[in-house]
Q: 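Attaching a single structure in structure tokens format; questions to follow.
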Amino acid sequence: MPDFWRSSGFHLVKRDAAGRLEVTDDFLRAYYLRPEVRPIEESCEAERSLHAALMADPRREVAESEFDALADADVRDNYRVLLHFRQRLLDAGTIEGCYLSLYRGPVDVPPLFIEQLVHVILRNILEGCDDPLRVRAAELLFREQKVTLRDGHVLAADLETVEMHASGSRYGDIGRLIVEAQGALGKVELDVLDRGNASLYWGRESRFDTVISLTHGRPALEALSGVLEAWVAHFFGVSVAIRALRSIDERRWAWHIGLDAESSSILNDLWNGMQVEQGRMRRILALFRMDFADPSDMRPELCGRPVYLALSCGDDEVLRMKPQNLLLNLPLAHA
């Protein structure tokens, strides 16, 4: 099986008996090596000492006096944020447990850390996966996508990669000068994956430089459905079937989940009978129907009814998926 997403940190963790990811010392050390806290030439002795102590014992308590001894105020703040996140991880015991716990109250860790949790959790879920389209589709859950319409296809490309191409930064300083002068290199074509060329992904899986079509009937949308099914099963042990739809034909559906903020707003308005102007409706990229394999897993009043999902981009044509929505808003009987 191809290995992929080493950048997720999956190789630094281990699974428990339930298949969840335990927080290891090496996983914590990876955070201490982040540029926000790793000492540089100008770092004071107290900063170097604290960093060395944490690398030696990643779970050690840090006294308030050790924070106060740090000469750089930004470094002090960065350590406080990071060690608060570390405590959330240690309190939860597993990475999955930490991810869910973040949404049981005010979210108090940076979005970057949340995206990294999703990244490594998905790497765990997709262990052994040999379908490159499914792995690429899973990127939507933790990396923002720039959406464009071309030849009738809704194409999703990694936003950070698109911006890097547009700025010329992938070509170095000279490349940026050329882009600024004539704008030509900013329009570099990225490969669109389909069944015929999907194997291209394995050679560049950590470059995030491939494009998928979210058009109804294309295999990437089917692959995304499989990822969402696995996401639900991993957290709750519930089996669901998700398939893409062209439209929701049920006039008064029982339950819906927006997979992003825009979708939640649009679906709520539609369900409440409000008129949604055409410009907003065009932001809906995909619709799905979800059915529970065992209807008794659902809330009794919804037993056997389908759940509808939507995926949309914002008015800036950026898709910002919130995979936690699928977990927090499931109509589970035991919730």
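Numbering starts at 1 and runs along the sequence shown.
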Q: Can you check whether Val135 reaches Asp131 side chain to side chain, under 4.5 Å on heavy atoms?
A: no
Q: Check Thr94 against Gly97 and note the closest heavy-atom contact, atom names and distance.
A: OG1-N, 2.9 Å
Q: Is it true that Asp158 and Lys146 have a side-chain N and a carboxylate O under 4.0 angstrom from each other?
A: no
Q: Using every non-hydrogen atom in the two residues, find where His334 and Val238 come nearest and quote the distance to one decimal.
A: CE1-CG2, 4.4 Å
Q: Should Arg20 and Ile95 count as side-chain neighbours, where that means a heavy-atom distance under 4.5 Å?
A: no
Q: Do Leu33 and Val75 belong to the same hydrophobic cluster, where Ile, Leu, Val, Met, Phe, Trp and Tyr are linked whenever their side-chain heavy atoms lie under 4.5 Å apart, directly or via other members?
A: yes
Q: Do Ser312 and Leu319 have side chains that get closer than 4.5 Å, going by heavy atoms?
A: no
Q: Is the terminal nitrogen or CZ of Arg80 (NZ for Lys, CZ for Arg) located under 6.0 angstrom from the six-membered ring centre of Phe67 and within 45° of that ring's axis?
A: yes
Q: With a cut-off of under 6.0 Å to the ring centre and 45° to the axis, is Arg38 in cation-pi contact with Tyr32?
A: no
Q: Check the pair Ser199 / Asn197 against side chain to side chain donor-acceptor pair (under 3.5 Å), numbers first and verdict last.
A: CA-CA 5 Å; Ser199 60; Asn197 68 346; over 6 Å; no
Q: Establish whether Leu214 and Ile284 are linked, either directly or via other cluster members, by ILVMFWY side-chain heavy-atom contacts under 4.5 Å.
A: no
Q: For a 4.5 angstrom cut-off between non-hydrogen side-chain atoms, does Leu224 reach Arg134?
A: no
Q: Check step by step if side-chain contact (heavy atoms from CB on, under 4.5 Å) holds for Glu127 and Phe10.
A: CA-CA 10 Å; Glu127 171 70 355; Phe10 180 67; 3.7 Å; yes
Q: Is the Phe4-Tyr201 ring centre distance short of 6.0 angstrom?
A: no
Q: Aromatic contact between Tyr308 and His256, with the criterion being ring centroids under 6.0 Å apart: yes or no?
A: no
Q: When hydrophobic residues are tied together by side-chain contacts of less than 4.5 Å, even through go-betweens, does Trp253 share a cluster with Ile266?
A: yes
Q: Have Ser265 and Arg280 got a donor and an acceptor in their side chains that come within less than 3.5 Å?
A: yes
Q: Flag the pair Phe142 / Ile114 as yes when at least one side-chain heavy-atom distance between them is below 4.5 Å, and no otherwise.
A: no
Q: Given the rule in the salt bridge (charged side-chain N to carboxylate O under 4.0 Å, His left out) test, do Arg305 and Glu250 qualify, once you have shown the distances and angles that lead to the verdict?
A: CA-CA 11 Å; Arg305 298 288 299 275; Glu250 193 173 354; 2.7 Å; yes
Q: Between CG of Asp16 and CG of Leu21, what distance do you get to the nearest 0.5 Å?
A: 8.0 Å
Q: Would you compute the distance between atom CG of Leu221 and atom CZ of Arg243 and round it to the nearest 0.5 angstrom?
A: 12.5 Å
Q: State plainly whether the residues Glu262 and Arg320 are in salt-bridge range, i.e. N to O under 4.0 Å.
A: no
Q: Could you report the tightest heavy-atom contact between Cys44 and Ala69, atom names first, then the distance?
A: SG-O, 4.3 Å
Q: State whether the side chain of Thr215 and the backbone N or O of Val154 hold a donor-acceptor pair below 3.5 Å, judged by distance alone.
A: yes
Q: To the nearest 0.5 angstrom, please state how far the CG atom of Leu155 sits from the CZ atom of Arg218.
A: 10.5 Å
Q: Taking all non-hydrogen atoms of both residues into account, name the closest pair between Arg283 and Asp315 and its distance.
A: NH2-CB, 3.4 Å
Q: Does Trp231 have its ring centroid less than 6.0 Å away from the ring centroid of Phe236?
A: no
Q: Looking just at side-chain N and O atoms, do Glu96 and Asn124 make a donor-acceptor pair shorter than 3.5 Å?
A: yes
Q: First locate atom CG of Leu28, then atom CE of Met55, and finally report the distance between them rounded to the nearest 0.5 Å.
A: 10.5 Å
Q: Considering only heavy atoms from C-beta outward, does the side chain of Leu285 approach that of Cys313 to under 4.5 Å?
A: yes
Q: Is the shortest distance from a Lys or Arg side-chain nitrogen in Glu115 or Arg143 to a carboxylate oxygen in the other one below 4.0 Å?
A: no
Q: Would you compute the distance between atom CD of Glu61 and atom CD of Glu66 and round it to the nearest 0.5 angstrom?
A: 10.0 Å
Q: Charged N to carboxylate O below 4.0 Å: is that the case for Arg86 and Asp91?
A: no
Q: Show the nearest heavy-atom pair for residues Leu54 and Arg60, with the distance to one decimal.
A: CD2-CG, 3.6 Å
Q: Let me confirm one number: the CD-OG1 distance from Glu139 to Thr161, rounded to the nearest 0.5 Å.
A: 8.5 Å
Q: For Ser263 and Asp260, which I'm curious about, is there any donor-acceptor pair between the side chains at under 3.5 Å?
A: yes
Q: How are the rings of Phe85 and Tyr31 set relative to one another: parallel (under 30°), tilted (30 to 60°) or perpendicular (over 60°)?
A: perpendicular
Q: Strictly below 4.0 Å, N to O, side chains only: are Asp26 and Arg29 in salt-bridge contact?
A: yes
Q: Does NZ or CZ of Arg252 come closer than 6.0 Å to the centre of the six-membered ring of Trp271, within 45° of the ring's axis?
A: yes
Q: After noting the C-alpha distance and the side-chain angles of Arg289 and Asp291, does the key distance pass the salt bridge (charged side-chain N to carboxylate O under 4.0 Å, His left out) rule?
A: CA-CA 7 Å; Arg289 170 176 170 147; Asp291 293 280; 2.8 Å; yes
Q: With a 4.0 Å cut-off, would you call Arg76 and Asp74 a salt bridge?
A: no
Q: Test Val307 against every option in Ile257, Asn329, Leu330, Leu326 by the side-chain contact (heavy atoms from CB on, under 4.5 Å) rule and name the one that passes.
A: Ile257
Q: Are Val318 and Met281 joined in one hydrophobic group, where the rule is that I, L, V, M, F, W and Y side chains link up if heavy atoms are under 4.5 Å apart?
A: no
Q: Quick one: closest heavy-atom pair of Trp5 and Glu205, and the distance?
A: N-OE1, 2.7 Å
Q: So, Asp108 and Arg88, do they make that salt bridge, N to O below 4.0 Å?
A: yes
Q: Scan side-chain atoms only and decide if Ser43 and Arg48 contain a donor-acceptor pair under the 3.5 Å cut-off.
A: no
Q: Please tell me whether Val240 and Leu287 are part of a single hydrophobic cluster in this structure, the criterion being side-chain heavy atoms less than 4.5 Å apart.
A: no
